[in-house]
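Reading through the structure tokens given below for one structure.
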Amino acid sequence: MEFFNFHTHQVTNQPDVLELVNQYPNEFNASVPFYSIGIHPWYIVENRIDADLKIIEEKLQTENCLAIGECGLDKRIEIPLELQLSVFEKQLILAEKYKKPVVIHCVAAFQEVIAIKKKMKISVPMIMHGFSKNNQIAEQLIAAGFYISFGKYLLRNPDLKTVFQNIPNDRFFLETDTIEESIKQVYDVAAEYKNITIKELEEIISSNFKCLF
């Protein structure tokens, strides 16, 4: 593995890239080499929650399933927050049971996610994907034990440069999510911002990968 794409919705099957592909329980594709699986807050269907959780629990017991998620909280959608919280917490219980890291989708609910981690005493790694916020929120997340994954906004928003530079090297990942740019392009920007070589960046992320997975 030269490059690790922490979160993507596309399978590219490049020989030098390990991709953690996001999967949904009701649309599972068995041909994906490595994946995470979870109930995204956008796609909570009340009468399907138990069935989805059953599929997730089955997949968490396989080697190819590296993480649970993406799952989490989103205050900008119409699905009631109480329902989102219930579904998120049920997935965190499974993450603890099977000792799998958690890929988190979080929109305008960072304090709630931090509080849940503390309340439930979650011991498995929790990674905020697609981070786009400021230094203050990043520092709160790092202090609470989270990892942070950067992708689209690192490429699109120059203001994120200083935020990324301040993230400890042992606490970040890189991703493409749904963007068309390649993970190698994300690595290029990240290496430039951290003022290190691509090789050094590869070693940092490889080390972080080994710690989590």
Side-chain angles (χ1 to χ4, degrees), residues 5-12 19-30 32 34-60 65-96 98 100-117 119-120 122 124-134 137-138 141 146-157 160 173-181 183 186:
N5 189 345
F6 171 75
H7 179 75
T8 180
H9 293 257
Q10 298 146 348
V11 183
T12 64
E19 295 169 321
L20 186 57
V21 178
N22 187 82
Q23 295 231 54
Y24 303 112
N26 64 316
E27 298 175 0
F28 184 75
N29 179 353
V32 174
F34 297 101
Y35 62 89
S36 64
I37 186 166
I39 304 172
H40 192 297
W42 294 0
Y43 307 126
I44 293 171
V45 178
E46 269 197 270
N47 63 7
R48 208 179 64 210
I49 292 168
D50 289 342
D52 283 354
L53 288 168
K54 190 178 176 192
I55 293 167
I56 290 167
E57 184 160 17
E58 282 172 14
K59 302 306 178 190
L60 286 172
C65 180
L66 301 187
I68 190 165
E70 60 184 294
C71 56
L73 304 175
D74 192 326
K75 283 189 179 174
R76 299 204 178 126
I77 59 174
E78 291 183 4
I79 291 169
L81 191 62
E82 283 306 308
L83 179 59
Q84 292 187 47
L85 282 162
S86 167
V87 173
F88 184 35
E89 289 184 0
K90 284 174 180 173
Q91 291 178 93
L92 291 178
I93 289 167
L94 290 177
E96 282 288 303
Y98 295 102
K100 299 274 184 174
V102 186
V103 182
I104 298 173
H105 169 97
C106 182
V107 176
F110 290 98
Q111 300 313 315
E112 286 85 348
V113 173
I114 290 170
I116 289 167
K117 181 181 190 292
K119 178 188 83 172
M120 295 181 68
I122 301 298
V124 295
M126 297 178 75
I127 309 95
M128 285 288 178
H129 105 82
F131 192 74
S132 65
K133 301 303 174 191
N134 57 29
I137 294 175
L141 290 169
F146 288 83
Y147 290 76
I148 302 178
S149 182
F150 295 83
K152 177 169 77 172
Y153 299 101
L154 201 64
L155 302 185
R156 308 273 197 271
N157 180 4
L160 213 55
F173 288 97
L174 299 173
E175 63 175 65
T176 58
D177 197 7
T178 57
I179 60 173
E180 289 182 8
E181 289 91 341
I183 192 64
V186 182

Exercise. Within 45° of the six-membered ring axis of Phe146 and under 6.0 Å from that ring's centre, is NZ or CZ of Lys117 located there?
Worked result: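 Relative to the ring axis of Phe146, which defines the angle, Lys117 lies inside both limits.
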Problem set entry | Over-ring placement of Lys133 relative to Phe110, 6.0 Å and 45° cut-offs |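 Verdict for Phe110: no cation-pi partner in Lys133.
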Does [X] reach the side chain of [Y], with side-chain heavy atoms less than 4.5 Å apart?
X      : Y      : answer
Lys75  : Glu112 : yes
Ile122 : Glu96  : yes
His7   : Ile127 : no
Lys59  : Ile68  : no
Asn26  : Val45  : no
Tyr98  : Val124 : no

Roughly how far, to the nearest 0.5 Å, is [atom2] of [Y] from [atom1] of [X]?
X      : Y      : atom1 : atom2 : value
Ile56  : Cys71  : CD1   : SG    : 8.0 Å
His40  : Tyr24  : NE2   : OH    : 5.0 Å
Phe173 : Ile183 : CZ    : CD1   : 11.5 Å
Asp177 : Gln10  : CG    : CD    : 8.5 Å
Lys152 : Ile179 : NZ    : CD1   : 8.0 Å
Thr176 : His9   : OG1   : NE2   : 8.5 Å

Give a yes or no on whether the backbone of [Y] and the side-chain of [X] come within a donor-acceptor separation of less than 3.5 Å.
X     : Y     : value
Asn22 : Glu70 : yes
Gln91 : Gly69 : no
Asp50 : Leu53 : no

Minimum heavy-atom separation for [X] and [Y], please, with both atom names.
X      : Y      : result
Leu160 : Ser132 : CD1-C, 3.8 Å
Pro25  : Gly38  : CD-O, 3.3 Å
Gln84  : Ile44  : CA-CD1, 3.9 Å
Ile37  : Cys65  : CG2-SG, 3.9 Å
Glu175 : Asn5   : CA-OD1, 3.2 Å
Val186 : Phe150 : CG1-O, 4.1 Å

For this session: For side chain to side chain contact (heavy atoms under 4.5 Å, CB included), just list the numbers for Lys90 and Ser86, CA-CA rounded to whole Å, side-chain angles, deciding distance to a tenth of an Å, and then say yes or no.
Result: CA-CA 6 Å; Lys90 284 174 180 173; Ser86 167; 3.8 Å; yes
Exercise. Hey, is OH on Tyr153 packed in by over 12 heavy atoms from elsewhere, all under 6.0 Å?
Worked result: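 Atom OH in Tyr153 is not crowded, with 12 or fewer foreign heavy atoms closer than 6.0 Å.
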Exercise. How far apart are the C-alpha atoms of Leu92 and Met126, what are their side-chain angles, what is the distance that settles it, and do they pass the side chain to side chain contact (heavy atoms under 4.5 Å, CB included) test?
Worked result: CA-CA 10 Å; Leu92 291 178; Met126 297 178 75; 3.9 Å; yes
Problem set entry | Asn29 vs Gln23, side chain to side chain contact (heavy atoms under 4.5 Å, CB included): CA-CA, chis, key distance, verdict | CA-CA 8 Å; Asn29 179 353; Gln23 295 231 54; 3.6 Å; yes
Exercise. Yes or no on side chain to side chain contact (heavy atoms under 4.5 Å, CB included) for Ile148 and Leu141, after CA distance, side-chain angles and deciding distance?
Worked result: CA-CA 8 Å; Ile148 302 178; Leu141 290 169; 4.1 Å; yes
